[in-house]
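Right, I'll just put the structure down here and ask away after.
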Protein chains: 2
Amino acid sequence: MADARQKPNRQLRADAQRSEDAVLEAARTVFAASGVDAPVREIAARAGVGMGTLYRRFPKRADLVAAVFRREVDACAAAAPALAAEYAPGQALARWLQRYAEFIATKTGLSAALHSGDPAFDTLPAYFRASFEPALAMLLDAAASAGEIRRDIAPYDLLRAIGNLSVADQAHTRRMVDLIVDGLRFGAAE
Amino acid sequence: MADARQKPNRQLRADAQRSEDAVLEAARTVFAASGVDAPVREIAARAGVGMGTLYRRFPKRADLVAAVFRREVDACAAAAPALAAEYAPGQALARWLQRYAEFIATKTGLSAALHSGDPAFDTLPAYFRASFEPALAMLLDAAASAGEIRRDIAPYDLLRAIGNLSVADQAHTRRMVDLIVDGLRFGAAE
DNA sequence: TGCTAAACGGAGCAATGCTCCGTATATGCG
DNA sequence: CGCATATACGGAGCATTGCTCCGTTTAGCA
């Protein structure tokens, strides 16, 4: 899962696959406990692998962070159909949004990493959206069809409203400030 | 300025005062170039002081970051009366907001530090507000009196709109999600 | 000028990121 | 099953960095 795009059909040796799983699981735990800057040695020790093994699979810390992130996105997105099968549409939606809010809450410090400019994170926003938007759309659609909620809600808007992972470059900020100043002036001439 | 609250009337020796200024100036430069995680050695070297000197004055990195932050807040706030003296009210306001936007832009990565929970940062938000709110209020008032802008703008709202340094605890997030879900349901029964 | 408290500075230790390479083993083949 | 070999493993070791400790220097004062 880490760099599967490089060799799409690569055949990981069995022990290598076990190591990768162990590392991802250990990293998830350690990141949650100590943040994404936790010592690599600690992750390797918890996973029961050597430093070499960890660095071979995830050459940069960002690679590991990104892999763990994808894993948690997958888990959260997968909760949507599960909840939809178990609960009434409105209930399923409410529970999933809480689940999603929990996911966002565990990402403290990660939004900073997202904006670090590391190329390993480049695909994450798209992955995030591609995973969550259909999941939420399904829940919203079901709830709307059941007459429990309105229909005029864009899934992505809702995702953003709960967890704002937005960025803003300098030029954008400048234009926004200009806009606000213009806005201030507008009402003055009455 | 660093820990002046501990000994309000302390008399710093002349060389100590020079060292502190040199460190703050060097830290400002290095932080801007390499972020707030830059090596302490680099700051000490640029300031022309030893490690001991730096650590004696700023025992924790957060102390140094906070001191640099206050210094830059002071500089930005001080620009308000200067601009007000040089330009027409509307111009002064627009220019200061751009200046403020630049200040915010240099704080990349610092918002993460702000939320790190380090007690050295506890007083910074209040300092931020206490410095900028009166400065902006003066500019807004002058521009409004000149008929160049509306009067119904709260200075703090404007500050927040440009640089959102907001935080949100878990309970708050939870209540917000509940509110949004309620909001979704509200329009369904028509 | 001489004394002393204050300040200085950098060697050195511990923690951590990351590499390198000798060792171990999973897998395919005869 | 036994062997050959590519694949994977593991941790010693080096470089960097945070932080401390203490011998040396100096500013302020009489």
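Each chain gets a letter, A, B and so on, in the order its sequence line appears, and its residues count up from 1.
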**OP:** Grab the two heavy atoms, one from A/C76 and one from A/Y100, that are nearest each other, plus how far apart they are.
**Re:**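 A/C76 and A/Y100 have their closest heavy atoms at SG-CA, 4.0 Å.
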Only distances under 3.5 Å count here; give the side-chain donor-acceptor pairs of residues 21-28 of chain B to other protein atoms, sequence neighbours excluded, each with its distance to 0.1 Å.
from	atom 1	to	atom 2	distance (Å)
B/D21	OD1	B/Q17	NE2	3.3
B/E25	OE2	B/R28	NH2	2.9

Subject >> A/R151/A/D141 salt bridge by N-O under 4.0 Å criterion >> reply: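 Counted as a salt bridge, because a side-chain N and a carboxylate O are separated by less than 4.0 Å.
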**OP:** Please report, rounded to the nearest Å, how far the C1' atom of D/dC19 is from the CD1 atom of B/I43.
**Re:**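 That distance rounds to 14 Å.
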Original post:
Touch check for A/A38, heavy atoms < 4.0 angstrom, all strands: base, sugar-phosphate only, or nothing?
Top reply: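 The answer is sugar-phosphate, as A/A38 gets under 4.0 Å only of primed atoms, P, OP1 or OP2.
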What are the atom names and distances for every N/O pair under 3.5 Å that joins the protein to nucleotides 7-10 of chain C?
from	atom 1	to	atom 2	distance (Å)
C/dC8	OP1	B/D15	O	3.4
C/dC8	OP1	B/S19	OG	2.5
C/dC8	OP2	B/R56	NH1	2.7
C/dC8	OP2	B/R57	NH2	3.0
C/dG9	OP2	B/G50	N	3.1
C/dG9	OP2	B/T53	OG1	3.3
C/dG10	N7	B/M51	N	3.3
C/dG10	O6	B/G52	N	2.9

**OP:** Say whether A/Y127 and A/D122, considering side chains only, have a donor N or O and an acceptor N or O under 3.5 Å apart.
**Re:**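 No, no side-chain donor-acceptor contact under 3.5 Å.
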Original post:
Whole Å only: how far is the CG atom of B/D63 from the P atom of D/dC19?
Top reply: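 The distance from CG of B/D63 to P of D/dC19 comes to 10 Å, rounded to the nearest Å.
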Original post:
A/E42 CD to C/dA15 P: how many Å, rounded?
Top reply: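 Interatomic distance, CD of A/E42 to P of C/dA15: 13 Å.
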**OP:** Determine, for A/R57 against A/D63, whether the closest basic-nitrogen to carboxylate-oxygen distance falls under 4.0 angstrom.
**Re:**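 A/D63 and A/R57: not salt-bridged.
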Original post:
More 5' along DNA chain D: B/P39 or B/A14, using each one's nearest nucleotide?
Top reply: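 So the residue in question is B/P39.
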**OP:** Spell out yes or no: do the side chain of A/R61 and the base of C/dG17 have one donor N/O and one acceptor N/O closer than 3.5 Å?
**Re:**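 Donor-acceptor pair under 3.5 Å: no.
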Original post:
For B/F121, what residues pass the ring pair (Phe, Tyr, Trp, His ring centres under 6.0 Å) criterion, not counting sequence neighbours?
Top reply: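 Expected list: none.
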**OP:** Grab the CG-P distance between B/D37 and D/dT16 for me, whole Å please.
**Re:**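 Going from B/D37 (CG) to D/dT16 (P), I get 18 Å.
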Original post:
Over how many whole Å does the gap from A/Y55 atom OH to C/dT16 atom P extend?
Top reply: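 Distance check: A/Y55 OH to C/dT16 P gives 12 Å.
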Original post:
Atom CG of A/L64 to atom P of C/dC18: distance rounded to whole Å?
Top reply: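 To the nearest whole Å, that distance equals 11 Å.
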Original post:
Can you tell me how far P of D/dA8 sits from CG of A/L54, to the nearest Å?
Top reply: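 Roughly 15 Å, once rounded to whole Å.
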Original post:
Could you give the CZ-to-P distance, from A/R41 to D/dA15, as a whole number of Å?
Top reply: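 About 15 Å, once rounded to whole Å.
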Original post:
More than 12 foreign heavy atoms under 6.0 Å from CZ of B/R46: is that the case here?
Top reply: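 Incorrect, the count does not exceed 12.
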